[in-house]
Trainee: 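Mind looking over this structure? Questions follow.
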Amino acid sequence: MKTYTLEEVGKHDSKEKGIWVTFGQGVYDITEFVDKHPGGPSKIMMAAGGSIDPFWMIFANHNTSEIHSLLESMRIGNISEEDAKSNKSDLYDPYANEPVRHKALKINGNKPFCAEPSPSLLVESFLTPVPFFYVRNHLPVPEIELKDYTLELAIEGTTKKTLDFKTLKKYEKRTITAAVMCGGNRRSEMSKVKQLKGINWNVGAVGNATWTGVRLCDILKDLGVNEDVFNHIQFEGHDLDPSGMPYGASIPISKAMDPRADVILAYEMNGEPLSQDHGFPVRVIVPGVVGARNVKWLSKINVSKEESQSQWQQGDYKGFSPSTTWDNVDFNKSPAIQEMPVVSAICDPQNTDTVEIKNGKIQVKGYAWSGGGRKIIRVDVTNDKGKTWHTADLTEDLQANEGRYWSWSLWNVELPVDKKSREVEIWAKAVDSSYNVQPENFSNIYNIRGLLCNAYHKIKVQLKQ
Ligand code: MTE
Ligand code: MO
């Protein structure tokens with residue numbers, strides 16, 4: 001294979017001249033691949049004409065054999081050993097100072113850190129203890145000192161005010177109970193239909209907590225925002241990608257300014273200051289809305305006519321038809337996910353567990369939740385493929401108001417089983433206050449990003465004889 005100089009590689013940084021990158025000693029022509037990059041063309045273009053090594057240190061989820069062999073298929077040559085070494089010496093590990101996490105979290109990705117608790121642990125308590133609350137980071141965790149913390153308030157990009165932590169805390173203190181759920185929760189089940197791209201979450205990319213902070217509507221009112229002039233409230237985090245772009249997302253202004261929507265800039269979780277992983281010192285909680293909009297380590301709020309232009313608002317966290325493929329997908333044609341659909345999961349027992357029969361029955365526990373403040377009104381469970389449905393008992397948030405039910409509901413049910421059968425298949429489905437119900441299977445809601453995975457949860461367990 002041919003050997004290139006870094007200068008030669010550097011000249012190939014546009015579609016016209018071809019797009020080359022290096023990784024280790026390899027030189028790769030990625031011109032054709034750029035538009036197909038799942039993380040968006042803009043992200044991969046930051047490496048055009050240079051080394052992708054530092055990017056892959058931040059987006060370390062690229063370190064799979066599948067992605068390495070995809071890269072190798074585009075190899076056109078090498079750089080010299082010395083050049084590869086000098087590229088390497090510039091590297092430092094942006095994840096070197098990440099917080100310590102509880103061993104009970106099952107890690108789905110280390111850099112960035114993504115982890116969830118086991119299902120049975122999840123339904124042990126109505127409020128999820130902070131150490132067991134799933135973590136979904138897209139970038140290294142930023143380190144912020146309270147005394148240095150500032151929140152910028154802007155209108156169409158022009159800064160109007162900057163609040164420090166003390167000033168922020170002067171606004172009226174509010175507490176809500178709300179579940180936060182990742183748009184990819186239960187993706188591992190959908191991935192059985194067909195290959196898709198995303199972290200392989202089980203049912204634990206959700207947690208339920210109390211969130212204390214100030215109402216976003218109070219801050220926007222104080223800023224003199226006219227709801228009729230703008231359409232979206234954009235948020236930015238203190239976590240930055242290699243080009244200095246922050247994590248970002250937005251919500252409709254109607255949600256942000258509605259006092260009944262309970263959108264909170266939270267500084268406490270379950271009565272304690274936010275932990276580093278969950279957004280210390282301040283994060284947005286948009287109850288009833290997909291996790292991705294609940295921006296952590298909040299650095300900036302921008303009032304705008306437009307949605308956030310971030311990759312996570314524009315080129316990710318959107319739903320598609322089961323027939324949409326990576327070759328024909330057009331992210332501009334799908335709206336960004338906001339309010340989540342109704343969902344439930346069986347958490348105890350888990351698939352393939354062996355369970356004991358007591359008085360001819362087995363006990364089954366789980367959670368159910370719906371977005372938009374819609375309360376769970378019923379959870380139906382069957383162990384004969386729908387011939388007989390048993391209604392579960394619900395543990396609910398008794399303080400929640402009509403139309404503002406942000407918390408999850410836990411449920412449990414005793415299912416009568418036939419002692420002679422060795423194996424039982426259990427299905428669960430929830431119904432929300434709009435009588436929305438979960439779809440029966442994943443095949444007709446499959447999408448290439450594995451989002452909105454809310455089909456009936458189906459598991460098989462063995463009966464202890
Ligand atoms: N905010 C910032 N700044 N950076 C992030 O990577 N991840 C989002 C959201 N807010 C993210 C963020 C996603 S996709 C989810 S699901 C939730 O945070 C996860 O919140 P948690 O880690 O507190 O459970
Ligand atoms: Mo997420």
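Every number for a ligand or one of its atoms is a count from 1 in the order of the listing. We use all heavy atoms of the structure for the numbers below, so side chains are in, but hydrogens, waters and symmetry mates are not.
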Trainee: Is it true that Trp411 and Tyr367 have ring centroids separated by less than 6.0 Å?
Mentor: no
Trainee: Quick one: CD1 on Ile233 to CG on Leu220, what's the gap to the nearest 0.5 Å?
Mentor: 4.5 Å
Trainee: Rounded at 0.5 Å granularity, tell me how far CG in Leu151 sits from CZ in Phe235.
Mentor: 10.0 Å
Trainee: Please indicate whether Lys460 has more than 12 foreign heavy atoms, meaning atoms of other residues, nucleotides or ligands, lying under 6.0 Å from its NZ.
Mentor: no
Trainee: Is the closest side-chain heavy-atom distance between Glu272 and Val130 below 4.5 Å?
Mentor: no
Trainee: More than 12 heavy atoms of other residues, nucleotides or ligands under 6.0 Å from CZ of Arg378: is that the case?
Mentor: no
Trainee: How would you list, by chain and number, the residues with a heavy atom under 4.0 angstrom from ligand 1?
Mentor: Phe133, Tyr134, Val135, Arg136, Asn137, His138, Cys182, Gly237, Asp239, Tyr247, His278, Arg283, Gly291, Ala292, Asn294, Val295, Lys296, Trp297, Tyr317
